[in-house]
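Input: a single structure, listed below in structure tokens.
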2 protein chains.
Amino acid sequence: MGRPRAFDETEVIRAAAELFASRAYDGVSVDDLVTTLGVHRNSLYKVFGSKRGLYLAALRWYLAERVSPVLAELRTTADPAAGLQALLTSDRDDLDLLILAVVERAPADQEVADLVAGVLREVDAAVARALPAEAIAPALTATILGLRLRARAGGTAPDAGTVLLHHIQSSGT
Amino acid sequence: MGRPRAFDETEVIRAAAELFASRAYDGVSVDDLVTTLGVHRNSLYKVFGSKRGLYLAALRWYLAERVSPVLAELRTTADPAAGLQALLTSDRDDLDLLILAVVERAPADQEVADLVAGVLREVDAAVARALPAEAIAPALTATILGLRLRARAGGTAPDAGTVLLHHIQSSGT
DNA sequence: ATCAGTCAAGAACGACCGTTCCTCAATTGG
DNA sequence: CCAATTGAGGAACGGTCGTTCTTGACTGAT
């Protein structure tokens, strides 16, 4: 019984993730969310409890639906080198929210810190499988993050990471 | 004539940079600044014009007094490898404000974007001088940034970058 | 000693923050 | 078809935001 929901919860989370990926947490107001998500304040608080609750839902969705698939592909692909190269391409948006979460939310929110720490370990593991020397995986994960980070400031060569990757591959086992 | 200033402008800028390096721009309030800097609101607006004005002054000071010396040392040192290794060590705080500026201010503030783009080019140039293959410098700069980024989320091995560096050096010309 | 000029001190501004409340519309089980 | 239940709508809450104004204390030149 009762009036049925007039919005798709997953779509709302997806749109929230997009918004939180573009600006810092404190830079996204509840008014912004209500306006761009098309959901009423009341429903938003009913479903997610708070702005932080919606943020955490958006972050979890992003890690599960945007980041994890990329890692799964890297783990199962027949051509790991191509997968790595794709990750090292900076003109993508499948790590933006993760980077913003690491830089500005993790230091202030333990739950965010735990979430991103877990996913970064997964990235390390996936990257390691595609490398001649597994020990450099954490550093290469950092390179991936750093290239995306640079892209946010504009003016980065999209294939800067490819050069490093070839250097590593040509020298490794 | 007039009453002399009761605070050291440089010290205020330095303290502001420290605060802006620890939290996102919108997470630092003018009240926070007034309290921890020990400067009165009035003086702050008189000298810097606005919160953004103080932020830009802090960023410029940080880039000139904290980042540039590291690059200068890397350019002039007799042991470039050691300098690079130091930069690849993640438990330092001489890039925090730069990273935060790149991630969350540059996309929203053109002046910040220009400042950090310039300094990133300087980092590339300094790093390139210390490498066997100059072309991988932008990627290694990204690695440096990425390692510091990961350090903000906690639980990173401080020497993760060293492994990559040795890998590169042992294989290059 | 006086006066112009600068700074310190803190109250106060309107705007916006995240959150809650109240009322009405829509739906389904009886 | 009516009662019960839930979402939508929008005003409103206290608090905090960045910024400004008013007042008085201090200083150096006249």
Side-chain angles (χ1 to χ4, degrees), chain A residues 1-60 97 100-101 104-105 107-112, chain B residues 1-13 15-59 97 100-101 104-105 107-112:
Chain A
M1 52 186 88
R3 183 173 170 175
R5 223 164 252 172
F7 62 92
D8 178 6
E9 188 173 320
T10 301
E11 169 56 22
V12 164
I13 291 178
R14 195 204 57 75
E18 194 172 323
L19 205 51
F20 281 125
S22 71
R23 286 183 253 155
Y25 180 79
D26 288 318
V28 177
S29 73
V30 176
D31 277 347
D32 291 337
L33 291 164
V34 165
T35 301
T36 64
L37 271 53
V39 175
H40 199 267
R41 283 177 132 65
N42 219 342
S43 310
L44 205 150
Y45 276 86
K46 193 78 173 180
V47 176
F48 301 105
S50 64
K51 179 188 175 184
R52 177 172 177 270
L54 174 56
Y55 176 84
L56 286 174
L59 180 57
R60 271 189 252 268
L97 182 52
L100 216 38
E104 70 126 9
R105 293 318 296 160
D109 191 323
Q110 188 58 47
E111 199 163 345
V112 173
Chain B
M1 52 189 87
R3 184 172 168 176
R5 222 164 252 170
F7 61 92
D8 179 6
E9 188 173 320
T10 302
E11 170 57 22
V12 164
I13 291 178
E18 195 173 322
L19 204 51
F20 281 125
S22 70
R23 287 184 254 153
Y25 180 80
D26 287 317
V28 177
S29 71
V30 175
D31 278 347
D32 291 336
L33 291 164
V34 165
T35 301
T36 64
L37 271 54
V39 176
H40 200 268
R41 284 178 133 64
N42 221 341
S43 309
L44 206 150
Y45 276 88
K46 193 78 172 179
V47 177
F48 302 105
S50 66
K51 179 186 175 184
R52 177 173 177 269
L54 173 55
Y55 176 84
L56 286 174
L59 179 58
L97 182 54
L100 216 39
E104 70 127 10
R105 293 317 298 161
D109 191 322
Q110 188 59 46
E111 199 163 346
V112 173

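Keep in mind that the numbers below use all heavy atoms, side chains included, and drop hydrogens, waters and symmetry copies. Here is the naming used below: chain letters follow the sequence lines, and residue numbers restart at 1 for every chain.
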Quick one: the side chain of A/Asn42 and the base of D/dG7, do they pair up donor-acceptor inside 3.5 Å?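 No pair found.
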Could you check which residues of residues 25-40 of chain B get a heavy atom under 4.0 Å from DNA chain D? Sort them by number, please.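 Only B/Val28, B/Ser29, B/Val30, B/Asp31 qualify.
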Rounding to an integer number of Å, can you tell me how far [X] [atom1] sits from [N] [atom2]?
X: A/Arg52; N: C/dT19; atom1: CZ; atom2: P; result: 11 Å
X: A/Lys46; N: D/dT5; atom1: NZ; atom2: C1'; result: 10 Å
X: B/Tyr45; N: D/dT22; atom1: OH; atom2: P; result: 18 Å
X: B/Arg41; N: C/dA9; atom1: CZ; atom2: P; result: 13 Å
X: B/Lys51; N: D/dT19; atom1: NZ; atom2: P; result: 8 Å
X: B/Phe48; N: D/dT19; atom1: CZ; atom2: C1'; result: 16 Å

Sequence neighbours left out, what passes ring-ring contact (aromatic ring centres under 6.0 Å, His included) with B/Tyr45? Give chain and number order.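 Applying ring-ring contact (aromatic ring centres under 6.0 Å, His included) to B/Tyr45 gives none.
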Salt bridge flag under 4.0 Å for residues A/Asp32 and A/Arg23: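 Salt bridge: yes.
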Whether the side chain of A/Tyr25 engages the backbone of A/Leu100 through a donor-acceptor N/O pair (distance < 3.5 Å, no angle test) should be reported.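 Not confirmed, A/Tyr25 side chain does not pair with A/Leu100 backbone.
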I need the A/Lys46 NZ to A/His40 NE2 distance, nearest 0.5 Å.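 Those atoms lie 13.5 Å apart.
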Does A/Arg14 have any side-chain hydrogen bond (donor to acceptor under 3.5 Å, both in side chains) partners at least two apart in sequence or in another chain, and if so, which?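 Result, side-chain hydrogen bond (donor to acceptor under 3.5 Å, both in side chains) vs A/Arg14: A/Glu11, A/Glu18.
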Result of checking B/Leu56, B/Val39, B/Ile13 against B/Phe48 for side-chain contact (heavy atoms from CB on, under 4.5 Å):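 Running side-chain contact (heavy atoms from CB on, under 4.5 Å) over B/Leu56, B/Val39, B/Ile13 with B/Phe48 returns exactly one hit, B/Ile13.
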